[in-house]
2 protein chains.
Amino acid sequence: MSAPSVRVTIKDVAAAAGVSKGAVSLAFNDKPGVSDATRERIFAAARQLGWAPNSSARSLSRQSVDTVGLAICRPARLLGLEPFYMEFVSGIESVLAERDCSLLLRLVGSLDEEIGLQERWWRERQIGGSILVDFHHEDPRIAPLRRIGLPAVAVGHPSLTGGFPSVWTDDDAAVAEAVRYLAVLGHRRIAHVGGPRGLGHSTIRTTAFERTMSELGLDGGPHVETAFSGEDGARATRSLLLSAERPTAILYDNDIMAVAGLGVAAEMGVSVPDDLSLLAWDDSQLCRLTHPTLSAMSHDVHGFGAQVARVLFEVLAGHDVTSGPVATPSLVPRASTAPPPS
Amino acid sequence: MSAPSVRVTIKDVAAAAGVSKGAVSLAFNDKPGVSDATRERIFAAARQLGWAPNSSARSLSRQSVDTVGLAICRPARLLGLEPFYMEFVSGIESVLAERDCSLLLRLVGSLDEEIGLQERWWRERQIGGSILVDFHHEDPRIAPLRRIGLPAVAVGHPSLTGGFPSVWTDDDAAVAEAVRYLAVLGHRRIAHVGGPRGLGHSTIRTTAFERTMSELGLDGGPHVETAFSGEDGARATRSLLLSAERPTAILYDNDIMAVAGLGVAAEMGVSVPDDLSLLAWDDSQLCRLTHPTLSAMSHDVHGFGAQVARVLFEVLAGHDVTSGPVATPSLVPRASTAPPPS
DNA sequence: AAGGAGGGCTAGACCGGTTCACTTCTGTGG
DNA sequence: CCACAGAAGTGAACCGGTCTAGCCCTCCTT
C-alpha cells in the first residue's frame with residue numbers, strides 16, 4: 001500500500017505506450033514528429049504511471065537549468081521586518097511560475113559569502129542565472145561574477161551595477177518629490193534618516209535629498225545614517241528631536257524606521273503631525289495601521305520583482321536587454337504629514 | 001576576454017591531472033582510493049580550471065537531490081508583513097547550508113496549488129523532501145502527498161499533521177500562560193483576536209483560550225476570528241472596544257494585529273495600558289518599536305526553523321524520526337500590559 | 001512507374017557525473 | 001620464493017533524459 005518506490009522512467013512510459021523513448025520525449029516537449037493519436041496514448045500512459053520527466057536528466061542533456069538564484073545579504077532579524085523582500089520575491093515568482101522555473105533563495109551574511117555562493121551555483125550549474133540586489137559603491141561582486149560569465153540582472157541604478165543589465169526605481173526623483181512636498185507644506189527644517197553610506201541606493205537618496213534641499217534654498221537639513229533597523233530609526237529620531245535645531249519634518253528610508261520614529265515621538269510627547277511630520281519609504285500595510293497613519297512614498301514592489309524576472313529571462317534568452325527604471329515611487333499622503341507649527 | 005564559455009568537465013580535470021575520471025570523482029567525494037599526492041594534483045587542476053561538479057549530472061547518477069522544498073500559502077501582502085516566515089526560512093537555511101543543500105521556495109495561492117506543486121517537484125525529482133507548514137483541519141495535502149511517498153516534515157501539532165513527522169510549538173501551554181498572566185494582573189474580561197478557524201494552530205489556541213478562561217472561572221471572553229491581517233486586527237479591536245462588555249485586555253494571535261490594535265486604541269482615546277492591556281504573539285522587533293512597547297509571547301523562530309530542517313534530514317536519512325515540540329513561547333512583559341482600571 | 005517530399009517513428013550517441021569490477025603494484029608473512 | 005592482502009587507479013556501465021541521423025511509408029508529381 002505504501003508508495004510504489006519503483007522509479008518510473010521514460011522507458012517504462014515508452015513501453016506502456018508501445019513507442020520509443022524518443023517519441024515520448026517529443027510528445028512531452030510539444031514537438032512535431034508524433035501523430036495526435038500516439039501523443040494521446042503517450043500522455044495516457046504517463047498519467048497512469050504517474051510519470052514526469054526527471055529534471056536532473058533533462059537539464060543534463062539539455063545543458064540548461066530552469067532555476068534562478070537570489071541571495072539576500074542582510075541579518076535575518078532585519079529581513080523579516082522589511083516587508084519589501086517578501087513582496088519582491090513574490091513578484092519574481094509570479095513570473096517564474098509562468099515558465100515553470102524555480103527560485104533558489106539564500107540568505108547570506110556578507111558580500112564575500114554571496115560571491116562564493118553565486119560562483120558555486122553557477123559552476124555547478126545549479127542556476128541558469130541570478131538576480132543581484134543591494135548594490136554597494138564599487139560593489140565587490142561585479143568583477144568576479146562578470147569574470148565567470150554569470151548571466152544576471154541587477155537591481156539598482158546603472159551607475160552602481162557595473163555593466164550588468166539592470167532594473168531600478170528612480171529614487172532621485174522620488175526623494176525630490178518627497179522633499180518638495182514637505183517644503184510646500186511649509187517645512188524648512190527637514191531631516192533625513194537614511195541607510196548606510198556604502199549601500200548604493202542610500203547614497204543616491206542622500207545625494208538627492210541634499211541637492212533638493214539646496215535647490216529649495218533650505219540649509220542642508222541634518223542627515224543621519226542607519227543600518228535600516230527599527231532601533232536605528234528610534235535612536236536617530238530621538239537624537240534629532242533633542243537637537244538644538246529640531247526638525248519639523250523627517251523623511252525615513254524605510255517604513256519600519258518611520259514606525260519607530262512615531263513611537264519615539266509619542267514617547268517624547270511630540271505630537272504628530274502637529275509638531276512633527278513623518279514621511280516613510282516603501283509603503284506597506286504597516287503604514288496604515290499606526291495612529292496616526294503614516295504618509296509614505298509608495299511603490300509597486302510586486303511589479304518591480306516581476307519586471308526584474310522578465311528582464312532576467314531576456315538575458316537568459318540571449319536577447320538584447322532592455323535595462324530601464326520601473327515606475328517611480330509616488331507620494332501617498334496620510335495623517336502623519338501636515339504644515340509645521342506656526 | 002569574455003568568459004571562456006567552454007564548458008569544463010570532469011574529463012578536462014582528469015586530463016589535466018593525468019588521471020581517469022574515476023579518480024577525480026573519488027578525490028572530490030573524499031573517498032579512499034587515491035593517494036594524497038594525486039588528490040592534491042587533482043584539486044590543483046580543478047582549481048586552475050575553475051571546475052566544480054555539475055549538479056545535474058551528480059544527482060542523476062547518485063539518484064538523489066540536495067534540494068528541499070517549501071511552499072507557503074498566504075497572500076503575498078500578508079506574508080511580507082509577518083516577520084515570522086523570513087526568520088523561519090533563515091533558520092531552515094542555517095542548517096541546509098551546513099550540508100550544502102538548497103531551499104526551493106514558492107509562494108502559492110491555495111492548498112490545491114500547493115498539492116500540485118509538491119507532486120510535480122517530487123515526481124520530477126527536483127526536491128529530495130519538503131517542509132509542510134500551516135496545517136488545516138483535515139488538511140487536504142495529507143492524503144495525496146503521503147500517497148506519492150513524499151518525504152516531508154510537518155510544522156504543526158501531530159493531531160493535525162496526519163502522520164507526517166512533525167515539529168511544533170506548544171501553543172496550548174503558551175496561551176494558558178498568557179491568559180493566566182493577564183488574570184493575575186487582575187483582568188477578568190479578556191478577549192482573544194485569533195486566526196481563521198480552519199487553520200490548525202488557530203483552533204488550538206482558541207480552544208486553549210476558552211479552556212483556560214473557564215478554568216479560571218472567567219466567563220468565556222469574546223473571541224474574534226480574523227485572517228491575520230493588520231486591517232483585520234484593527235477592525236476586531238474597534239468592535240471589541242465598542243462592545244457593551246468592553247474587555248480590559250486583548251490577546252492577539254500575531255504581532256501585526258497587536259500593532260494595529262494599539263493604533264485603534266490611540267485613535268479612540270483609550271489609554272494603553274491604563275485602560276486596556278494588549279498582548280501580542282510572535283514577538284518581533286516590531287513589538288519594541290511602538291509606544292508603548294508591546295508585551296508579547298516570544299519564541300525563537302530561527303531556532304524553530306533550524307530544528308525543522310534537522311528533522312527533515314533525519315527523515316531523508318531514513319532514520320527513525322524524533323518528532324517533538326520546540327521550546328514553548330514565553331511571556332516577555334513590556335509596557336502594554338498592566339492591571340485593569342479599578 | 002520512377003522520383004521526390006515529407007510525416008511518423010526508432011536506434012543510438014550524448015550530457016557529466018558515480019560506481020563497480022577488475023588490474024597493477026607494493027609490501028608482508030610464512 | 002610464493003601467496004596474498006591491500007592500496008592506487010582504470011575502464012566501462014549506468015543514471016534518465018534529449019536530439020540527430022536515418023529508415024519506412026504514403027502521397028504527389030510528372
Side-chain angles (χ1 to χ4, degrees), chain A residues 5-43 45-46 49-67 100 120-128, chain B residues 5-43 45-46 49-67 100 120-128:
Chain A
S5 71
V6 286
R7 323 180 52 90
V8 22
T9 77
I10 198 174
K11 213 168 6 176
D12 304 315
V13 176
V19 294
S20 69
K21 295 196 310 174
V24 178
S25 177
L26 291 177
F28 261 78
N29 291 294
D30 261 336
K31 295 199 177 156
V34 275
S35 66
D36 286 351
T38 312
R39 199 176 291 268
E40 250 330 302
R41 217 157 12 99
I42 292 172
F43 285 145
L49 295 171
W51 177 82
N54 178 308
S55 68
S56 305
R58 173 188 285 217
S59 41
L60 178 58
S61 105
R62 280 210 186 143
Q63 310 260 73
S64 76
V65 221
D66 53 356
T67 303
D100 280 330
R120 207 161 58 80
W121 273 351
W122 174 242
R123 279 212 281 256
E124 294 181 349
R125 291 299 190 274
Q126 281 213 258
I127 57 172
Chain B
S5 70
V6 286
R7 323 179 51 89
V8 21
T9 76
I10 199 175
K11 210 164 13 173
D12 304 315
V13 176
V19 295
S20 69
K21 294 197 312 174
V24 177
S25 178
L26 292 176
F28 261 77
N29 291 294
D30 261 336
K31 296 201 174 155
V34 276
S35 67
D36 287 351
T38 311
R39 200 175 290 266
E40 250 330 300
R41 217 158 13 98
I42 291 172
F43 285 147
L49 294 172
W51 177 80
N54 179 308
S55 68
S56 305
R58 173 185 283 213
S59 40
L60 178 57
S61 84
R62 282 211 185 141
Q63 310 259 76
S64 75
V65 220
D66 53 356
T67 302
D100 280 330
R120 208 162 58 79
W121 273 351
W122 172 243
R123 278 213 280 257
E124 294 181 351
R125 291 297 191 273
Q126 280 212 258
I127 56 172

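Chain A is the first sequence line, chain B the second, and so forth, proteins listed ahead of strands; every chain is numbered from 1. Every value quoted in this text rests on a predicted model; they were computed, and no experiment measured them.
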Problem set entry | Atom-pair distance (CG on A:D30; C1' on D:dT18), nearest Å | 15 Å
For this session: Compare every heavy atom of B:R120 with every heavy atom of A:D100, then report the nearest pair and how far apart it is.
Result: OD1-NH2, 3.5 Å
For this session: Report the distance from atom CG of B:L26 to atom P of C:dG17, rounded to the nearest whole Å.
Result: 14 Å
Exercise. Is the shortest heavy-atom distance from the side chain of B:V24 to the side chain of B:W51 under 4.5 Å?
Worked result: yes
Exercise. Can you check the B:R39 CZ to D:dA7 C1' distance for me, whole Å?
Worked result: 12 Å
Problem set entry | Any residue meeting side-chain contact (heavy atoms from CB on, under 4.5 Å) with A:E40, in chain and number order, not counting sequence neighbours | A:F43, A:R47
For this session: Would you kindly give the CG-to-P distance between A:D12 and D:dG16, to the nearest whole Å?
Result: 9 Å
Exercise. At how many degrees, to 10°, do the end axes of the helix from C:dA1-D:dT30 to C:dG30-D:dC1 meet when each uses five pairs?
Worked result: 50°
For this session: Check whether any side-chain N or O of A:K31 sits under 4.0 Å from OP1 or OP2 of D:dC19, and answer yes or no.
Result: yes
Under 3.5 Å, which N/O atoms of the protein pair with N/O atoms of nucleotides 25-27 of chain D?
none

For nucleotides 14-16 of chain C, which of its nitrogen or oxygen atoms have a protein nitrogen or oxygen under 3.5 Å away, and what is each distance?
{"residue": "C:dC15", "atom": "O3'", "partner": "A:Q63", "partner atom": "OE1", "Å": "2.9"}
{"residue": "C:dG16", "atom": "OP1", "partner": "B:R7", "partner atom": "NE", "Å": "3.3"}

For this session: Find the distance B:I42:CD1 to C:dG17:C1' and express it as a whole number of Å.
Result: 14 Å
Exercise. Taking for each residue the nucleotide of DNA chain D bearing the nearest heavy atom, is the 5' side occupied by A:G22 or by B:A23?
Worked result: B:A23
Problem set entry | Separation of C:dG17 C1' from A:E124 CD (nearest whole Å) | 12 Å
For this session: Apply side-chain contact (heavy atoms from CB on, under 4.5 Å) to B:S64 and list each qualifying residue two or more places apart in sequence or on a separate chain.
Result: B:R62
Seminar exercise, completed: Rounded to whole Å, CG of A:D36 lies from P of C:dG8 at a distance of 8 Å
Exercise. With A:S20, which residues qualify under side-chain hydrogen bond (donor to acceptor under 3.5 Å, both in side chains), at least two apart?
Worked result: none
For this session: Under 4.0 Å between any heavy atoms, over every strand shown, what does B:V19 touch: base, sugar-phosphate, or nothing? Just pick one.
Result: sugar-phosphate
Exercise. Distance under 6.0 Å and angle within 45° of the ring axis: does A:R123 meet both against A:W121?
Worked result: no
For this session: Kindly write out the residues that satisfy salt bridge (Lys or Arg N to Asp or Glu O under 4.0 Å) with B:D36, not counting sequence neighbours, or none if the list is empty.
Result: none
Exercise. A:R39 versus A:D30: any side-chain heavy-atom pair under 4.5 Å?
Worked result: yes
For this session: Please round to the nearest 0.5 Å and tell me the distance separating atom CD1 of B:I10 and atom CG of B:L49.
Result: 12.0 Å
Check: residues 53-60 of chain B side-chain donor-acceptor pairs under 3.5 Å, at least two apart:
{"residue": "B:N54", "atom": "OD1", "partner": "B:S56", "partner atom": "N", "Å": "2.8"}
{"residue": "B:N54", "atom": "OD1", "partner": "B:A57", "partner atom": "N", "Å": "3.0"}
{"residue": "B:S55", "atom": "OG", "partner": "A:E124", "partner atom": "O", "Å": "3.1"}
{"residue": "B:S56", "atom": "OG", "partner": "A:S59", "partner atom": "OG", "Å": "3.1"}
{"residue": "B:S59", "atom": "OG", "partner": "A:S56", "partner atom": "OG", "Å": "3.1"}
{"residue": "B:S59", "atom": "OG", "partner": "B:S55", "partner atom": "O", "Å": "2.8"}
{"residue": "B:S59", "atom": "OG", "partner": "B:S56", "partner atom": "O", "Å": "3.4"}

Exercise. With sequence neighbours left out, what residues match A:S61 under side-chain contact (heavy atoms from CB on, under 4.5 Å)?
Worked result: none
For this session: Have a look at A:T38 and say if it touches a base, only the backbone sugar-phosphate, or nothing, with a 4.0 Å heavy-atom cut-off.
Result: sugar-phosphate
